[in-house]
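For ligands, and for the atoms within them, numbers begin at 1 and follow the listed sequence.
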Amino acid sequence: MRQRKIAALGAIVALATTGLTACGDESGGGAGSGGGEKIVIGVKFDQPGLGLKEGAKNTGLDVDVAKYVAKELGFSEENVEFKEAPSAQREDLLANGQVKMIFATYSITDKRKAKVDFAGPYLVAGQDLLVKADNTDITGPETLNGKKLCSVTGSTSAQKVKDQFAKTVQLQEYDGYSKCVVALAAGAIDAVTTDNTILAGFAAQPANQGKFKVVGKTFSEERYGVGLKKGDKETCEKVNAALKKMVDSGDWQKAFDANLGAAGLKLDPALNPPKTFDACA
Ligand code: GLU
């Protein structure tokens, strides 16, 4: 219901913006030649440690990488506007020009590359499972027979469950992982499945201390890209240069430690932080 409303709203906004190009202001933000020009960046609003909106503040690793890149592109922090980019809406938000870039635990996939372009990757995660702290029977993807799983519409995580476990698992899909975590706490589902980064961020929240655990057996490779409108090669190359600078300077590590350092997350050290970036399409 809510999703349908959002989709309808998106369509209205898209219609409204197509007629408004005369002022020369590129939708989603311009090239960043200084002054007061704004850039609109898509992030998650409900993922602690990655993209979380707390009051007026956006926090998390995705947000910090976004701010760093925006600055390298010529946008000071006050000229960055964050817009919520739920998993299922990311391609449309870019295609409609409602956001210029997306930093939202957004895996680079061939299917998505048909609609959008990606810079990056700026992190490599893996799909995992979050269960209640006292759970003993879910120890990996091979132990999911007959279980109720929760994930998010439009994510690679939900797609993987449908592709690989459809016959044995019951899948509940919401429009955000925070809703899955509420369902897990209430005992309505047995496990939440998505990237280990996201699950570790939820488990480490002060309010969740001692409640959940990340199983720790990843079963996919999720390469986080910076989503861009298809054909925006110019921005893509600038973003890759900014990401390289963030990694080489040690600022990536600082941002990771500040946002996810306490979450006990084990990323593959051979892949993180990424030192090479995909060629722009
Ligand atoms: N990284 C995965 C994806 O892009 C799962 C996380 C998310 O839904 O943002 O679909």
What atoms in ligand 1 come closer than 4.0 Å to a heavy atom of [X]?
X: Thr194; result: 5 (C), 6 (C)
X: Thr156; result: 2 (C), 3 (C), 5 (C), 10 (O)
X: Asp195; result: 1 (N), 2 (C), 5 (C), 6 (C)
X: Lys44; result: 7 (C), 8 (O), 9 (O)
X: Ser87; result: 7 (C), 8 (O), 9 (O)

Does any N or O of ligand 1 fall below 3.5 Å from an N or O anywhere on [X], backbone included?
X: Gln47; answer: no
X: Ser155; answer: no
X: Ser157; answer: no

Tell me whether Lys44 contacts the main-chain N or O of Gly176 through its side chain, where contact means a donor paired with an acceptor under 3.5 Å. no
Any side-chain to backbone donor/acceptor pair from Asn208 onto Ala203? Under 3.5 Å, distance only. no
Reported [atom1]-to-[atom2] distance for the pair [X] and [Y], which is rounded to 0.5 angstrom:
X: Phe256; Y: Leu61; atom1: CZ; atom2: CG; value: 7.0 Å
X: Glu72; Y: Lys244; atom1: CD; atom2: NZ; value: 13.0 Å
X: Glu84; Y: Asn58; atom1: CD; atom2: CG; value: 10.0 Å

Looking only at heavy atoms, is any part of Thr105 under 4.0 Å from ligand 1, and if so is it the side chain, the backbone, or both, or is it neither? both
Honestly, for Ala104 the part within reach of ligand 1 (heavy atoms, under 4.0 Å) is backbone
contact_flag [X] ligand 1 heavy-atom lt 4.0 Å:
X: Ile198; answer: yes
X: Lys160; answer: no
X: Arg90; answer: yes
X: Gln159; answer: no

If you measure from atom 7 (C) of ligand 1 to every heavy atom of Tyr106, Tyr224, Tyr177, which option wins on shortest distance? Tyr177
Is the shortest distance from a Lys or Arg side-chain nitrogen in Asp163 or Lys160 to a carboxylate oxygen in the other one below 4.0 Å? no
How close do Val116 and Leu228 get, counting heavy atoms only, and between which atoms? CB-O, 3.4 Å
Between Phe82 and Phe45, is the ring centroid distance below 6.0 Å? no
Student check: side-chain heavy atoms of Asp232 and Lys100 closer than 4.5 Å: yes
Can you label the angle between the Phe103 ring and the Tyr122 ring as parallel, tilted or perpendicular, going by 30° and 60°? tilted
